[in-house]
Novice: 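Take this structure, written in structure tokens, and hold onto it; I'll ask about it next.
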Protein chains: 2
Amino acid sequence: MGKGEDTRSMILDAALAQASEGGFESLTIGTLAARTGLSKSGLFAHFGSREELQIAAIDAAAARFADTVFAPALLAERGLPRLRAIFAHWLRWTDDSGLAYGCPLHAAAIEFDDRPGPVRDHLVGHYERLQRNLERAFALAVDTGELPADADPGQLAFEALGLVFAYYHAARLLRRADAAERARAAFDRLLAAAAPAA
Amino acid sequence: MGKGEDTRSMILDAALAQASEGGFESLTIGTLAARTGLSKSGLFAHFGSREELQIAAIDAAAARFADTVFAPALLAERGLPRLRAIFAHWLRWTDDSGLAYGCPLHAAAIEFDDRPGPVRDHLVGHYERLQRNLERAFALAVDTGELPADADPGQLAFEALGLVFAYYHAARLLRRADAAERARAAFDRLLAAAAPAA
DNA sequence: GACAAAAAAGAACGACCGTTCGTAAAGTAA
DNA sequence: TTACTTTACGAACGGTCGTTCTTTTTTGTC
């Protein structure tokens, strides 16, 4: 029931592609209308305001991220295998989810980090959830004994996030072919340094 | 001679403040005219196009970054002391240079990473220079023997850059008070892990 | 103080922005 | 088919965008 739902998710697909390509600021009603073939007013009616469109786009991106990065990693055994799976999926998540360019959530995070409002709130919610999930994955590696009891999951999650950002930077802005390799090496080193003194 | 030069640099000061607060996309002629008290056309005449204004703003930000982060670090002895000085200045560079919000260059890097043109070229130039300078600082620590001969300056610079990005993220978006502490701890760990096996 | 050059202002342009409203088309259920 | 709701369109709005002109004001020099 309701073909409006279908149209809405079709619009959000286009919105993520647009945000990936041109940043969140490029997510305008007119651009998106042209991209979807809808009229401006027809598209507008699905959201009621640009802000609600932005919020819906962030929620859609966050859901797709969870499905692409974290969900499949649950198939790997808890501990280091799962951590490596998360990281590996993360580096390829935009490609795997059909986004040809950068991560929409990363773009939004920089554009809205000093702009209070519901858009920023949703974004913060996503990244806090992400941080918690990542910390939990590290904590499980402590449980399995693969990481020592005094390892700090919060600190490790902080550093792992930094590696992803460094990868985005090297891959997208600098176009360096060795970006993924550098990131993987760094993640391995991070895990090795956190492991018991053998 | 020429008060145009003074006005121009006054405009660029305002441009950096604006880009820090609202991102590079918020660097419009109208906003900047209101901020400086000039008329739109009067301001416009100093640059000839918005693109040239953006380029001038990036160059100004890059120059200020070099003066704030790298220049004073040359006073520290080469090797680890200088590396620590660079990193410490880096975490506070926007505050130290009078920018109340985020790093304009970081904002521009995300907004232009998939938008070819002269603006992106200038940005890439800055970040490649930054990468080289950082690598050189690590290489000097190899020369002094504080880091082993098989340490990889390129890899270390990659990871250090990631720590700064993680700091920006935690401090600006998540508003976490321990962001700087986390970054410093990670940098210490990075240097310690790279140091000779004692 | 006169005069040329530089700097700033003012008005207008076409384009796009988000948004509103009235209307037409498409879908759904009886 | 009828009646009703959902969905989409088209036109228009006030506003801002970058940019182009012309005119006025300010600056620096003899």
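In what follows, chains carry the letters A, B, and so on, assigned in the order in which the sequence lines appear, proteins first and then strands, with residues in each chain numbered from 1. Keep in mind that what you see is a predicted model, and the values were worked out from it rather than measured.
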Novice: Atom NZ of B:Lys40 to atom P of D:dC17: distance rounded to whole Å?
Specialist: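 That distance rounds to 7 Å.
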Novice: Is there a side-chain polar atom (N or O) of B:Ser39 under 4.0 Å from OP1 or OP2 of C:dA11?
Specialist: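 Checking C:dA11 against B:Ser39, no side-chain N or O comes under 4.0 Å of OP1 or OP2.
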Novice: Scan A:Thr36 against the nucleic acid and name what it touches under 4.0 Å (heavy atoms): base, sugar-phosphate only, or nothing.
Specialist: nothing
Novice: Could you state the CG-P distance from A:Leu38 to D:dG10, rounded to the nearest angstrom?
Specialist: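 From A:Leu38 CG to D:dG10 P: 11 Å.
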Novice: B:Phe44 CZ to C:dA11 C1': how many Å, rounded?
Specialist: 15 Å
Novice: State whether A:Phe112 and A:Arg115 meet the cation-pi test: NZ (Lys) or CZ (Arg) under 6.0 Å from the six-membered ring centroid, and within 45° of the perpendicular axis.
Specialist: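 Yes, A:Arg115 sits over the ring of A:Phe112.
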Novice: Tell me: CD of A:Glu51 to P of C:dC17, nearest whole Å?
Specialist: 18 Å
Novice: Between P on C:dA6 and CD on B:Glu5, what's the gap in Å once rounded to a whole number?
Specialist: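 Going from CD in B:Glu5 over to P in C:dA6 covers 12 Å.
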Novice: Do A:Tyr101 and A:Ile58 share a hydrophobic cluster (ILVMFWY, side-chain heavy atoms under 4.5 Å, transitive)?
Specialist: no
Novice: Taking only side-chain nitrogens and oxygens of B:His46, does any of them come within less than 4.0 Å of OP1 or OP2 of C:dA6?
Specialist: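 Answer is no, no contact under 4.0 Å.
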Novice: Please determine if a side-chain N or O atom of A:Thr7 lies less than 4.0 Å away from the OP1 or OP2 oxygen of D:dA8.
Specialist: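 It does, given that an N or O in the side chain of A:Thr7 lies less than 4.0 Å from OP1 or OP2 of D:dA8.
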Novice: Rounded to whole angstrom units, what separation is found between the CD1 atom of B:Ile29 and the C1' atom of C:dA9?
Specialist: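 In whole Å, C:dA9 C1' lies 15 Å from B:Ile29 CD1.
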Novice: Please state how far atom CG in A:Leu27 lies from atom P in C:dG18, giving the value in whole angstrom units.
Specialist: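 Rounding to the nearest Å, CG of A:Leu27 and P of C:dG18 are 9 Å apart.
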Novice: Centroid-to-centroid, A:His106 to A:Phe165, below 6.0 Å?
Specialist: yes
Novice: What is the distance, to the nearest angstrom, from the CG atom on B:Asp6 to the P atom on D:dG28?
Specialist: 9 Å
Novice: Select one nucleotide: of C:dA8, D:dA11, D:dT20, the one nearest the side-chain heavy atoms of A:Ser41.
Specialist: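 For the A:Ser41 side chain, the nearest candidate turns out to be D:dA11.
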Novice: Give a yes or no on whether the ring-centroid distance for A:Trp90 and A:Tyr167 is below 6.0 angstrom.
Specialist: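 No.
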